[in-house]
Every structure is written in structure tokens, then in C-alpha cells.
S.K.: 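Just dropping this structure here.
All residue numbers in this chain count up from 1 along the given sequence. In what follows, every heavy atom counts, from backbone to side chain, and hydrogens, waters and symmetry copies are set aside. Since this is a predicted model, take the numbers as computed values, not measurements.
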Amino acid sequence: QVQLVESGGGSVQAGGSLRLSCTASGYTYNRNYMGWFRQAPGEEREGVACISSGGSTTYYHDSVEGRFTISYDTALNTVYLQMDSLRPEDTAMYYCATDIVPASSPRTWYVGDSGYWGQGTQVTVSS
């Protein structure tokens, strides 16, 4: 049984940092990309960052480029999202996912039929 367990969310002030973690159990990461989506209240879910299984290729939403860094620890089967210089507009529920297909725009990224989702972790940034 595949399970994605997320942690690291919380509340910070603008300019602060958080690191999200997503540990996969019962799953071998070797297909497409793994990474993060987010959804703010009243908004559609959008891709934030994803990383290839070998770690050589990453994609980011334009709004987080240069502030967020995604990485993958093969030994721990864990994906990290280091979020620096956080802004109020980063406030959202963040979801880890596997088998991400990074289509033309982060708003059109999707999770393939064999993909899985985490339960979500809340990030709140106050001004």
C-alpha cells in the first residue's frame, strides 16, 4: 500500500522559511516526476515544483523560481521543498504527489493514472 506522508507546514511571517517533506512508503520513485501542488481557498490547484527521478531535472512555478528549491533523497525516499522568502500569496494547502506530468504550464500539470497524493499540509504566511 502506497502512502505519502507530508510534514513541515506551519505559520510564518513574510520573508520567513519553511521546509516541507514528503516521505513515500510502499513506492519506488522511478516514473515521471514527483513534487508539490498547492491550492489556496477559492483557487484551482496548481503545480509548484517537481523533480525527475534522477534529480537532474526540476520545474518550478514562475512565482516561486529563485525562492523555492526542490530536492530528493533517494535513501530516504523523501522529497523536500525548501521555501524561502515566503510571501502572503504562498499561503495554501500544499500537496505532495507522484507521477506528475509537468505539462506546458504549472496550472496544467497533472498526476498520471498511477500517481498518488499526500494528505496535504497547510502553509500560512502573514504580512
S.K.: Can you list the steps and then say if Thr98 with Leu4 is a side chain to side chain contact (heavy atoms under 4.5 Å, CB included)?
M.R.: CA-CA 9 Å; Thr98 67; Leu4 301 182; 3.9 Å; yes

S.K.: For the CG atom of Asp99 and the SG atom of Cys50, what is their distance to the nearest 0.5 Å?
M.R.: 11.0 Å

S.K.: Do the non-hydrogen side-chain atoms of Leu86 and Leu18 ever get within less than 4.5 Å of each other?
M.R.: yes

S.K.: Working note: Ile70 + Tyr80, criterion side chain to side chain contact (heavy atoms under 4.5 Å, CB included); need CA distance, chi angles, decisive distance, verdict.
M.R.: CA-CA 6 Å; Ile70 189 169; Tyr80 301 99; over 6 Å; no

S.K.: Any luck finding a side-chain donor-acceptor pair between Ser21 and Thr78 under 3.5 Å?
M.R.: no

S.K.: With a 6.0 Å cut-off on ring centres, are Tyr59 and Tyr33 close enough?
M.R.: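 Close enough - the centres of the two rings lie under 6.0 Å apart.
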
S.K.: Could you tell me the separation between the CD atom of Glu46 and the OG atom of Ser105, rounded to the nearest 0.5 Å?
M.R.: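 Reported to 0.5 Å precision, the distance equals 8.5 Å.
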
S.K.: Supply the atom-to-atom distance Ser85 OG to Asp90 CG, rounded to the nearest 0.5 angstrom.
M.R.: 9.5 Å

S.K.: Taking Ser25's backbone N and O only, do any of them form a donor-acceptor pair with Asn77's side chain (distance below 3.5 Å, no angle check)?
M.R.: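 Absent.
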
S.K.: If we only count heavy atoms from C-beta on, is the Tyr95 to Glu6 side-chain gap below 4.5 Å?
M.R.: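 Contact flag for Tyr95/Glu6 side chains = yes.
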
S.K.: Restricting to non-hydrogen atoms, name the atom on Arg87 and the atom on Ser63 that form the minimum distance, rounded to 0.1 Å.
M.R.: NH1-O, 3.7 Å

S.K.: Contact between Leu81 and Val48 at the side-chain level, heavy atoms closer than 4.5 Å - yes or no?
M.R.: yes

S.K.: Specify the closest pair of heavy atoms between Pro106 and Tyr60, including all atoms of both residues, with the distance to one decimal.
M.R.: CG-O, 4.2 Å

S.K.: Verify the neighbour count for atom CD of Glu65: are there more than 12 heavy atoms of other residues, nucleotides or ligands below 6.0 Å?
M.R.: yes

S.K.: Mind checking the CZ-CD spacing from Arg19 to Gln82? Nearest 0.5 Å is all I need.
M.R.: 7.0 Å

S.K.: If we ignore angles and hydrogens, is there a donor and acceptor under 3.5 Å between the side chains of Ser17 and Asp84?
M.R.: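 The answer is yes; a qualifying pair exists.
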
S.K.: Using modelled atom types only, decide if a donor and an acceptor are shared between the side chain of Thr121 and the backbone of Gly9 within a distance under 3.5 Å.
M.R.: yes

S.K.: Rounded to the nearest 0.5 Å, what's the gap from CG on Leu20 to CZ on Arg38? Could you check?
M.R.: 11.0 Å

S.K.: Is a donor on one side and an acceptor on the other found under 3.5 Å between the side chain of Tyr110 and the backbone of Pro102?
M.R.: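 Checking the backbone N and O of Pro102 against the side chain of Tyr110, no donor-acceptor pair under 3.5 Å is found.
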
S.K.: Find out if a path of hydrophobic residues (ILVMFWY) with successive side-chain heavy-atom gaps under 4.5 Å connects Val101 to Tyr27.
M.R.: no

S.K.: What is the distance from atom CZ of Arg107 to atom CZ of Phe37, rounded to the nearest 0.5 Å?
M.R.: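 The CZ atom of Phe37 is 12.5 Å from CZ of Arg107, to the nearest 0.5 Å.
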
S.K.: Look at the side chain of Gln39 and the backbone N and O of Ala92, then say whether any donor-acceptor pair between them is shorter than 3.5 Å.
M.R.: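 Not a single qualifying donor-acceptor pair exists.
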
S.K.: Is it possible for you to check whether Arg45 lies under 6.0 Å from the centre of the six-membered ring of Trp117, through NZ or CZ, and within 45° of that ring's axis?
M.R.: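 Yes, cation above the ring, under 6.0 Å and within 45°.
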
S.K.: Applying side chain to side chain contact (heavy atoms under 4.5 Å, CB included) to Met34 and Cys22, what does each step give before you reach the verdict?
M.R.: CA-CA 10 Å; Met34 189 169 176; Cys22 173; 4.0 Å; yes

S.K.: Please determine whether side chain to side chain contact (heavy atoms under 4.5 Å, CB included) holds for the pair Gln122 and Tyr94, giving the CA-CA distance in whole Å, both sets of side-chain angles, and the decisive distance to 0.1 Å.
M.R.: CA-CA 6 Å; Gln122 179 68 37; Tyr94 283 70; over 6 Å; no

S.K.: For Thr57, does its backbone N or O pair with a side-chain atom of Ser52 as donor and acceptor, under 3.5 Å?
M.R.: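 Present.
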
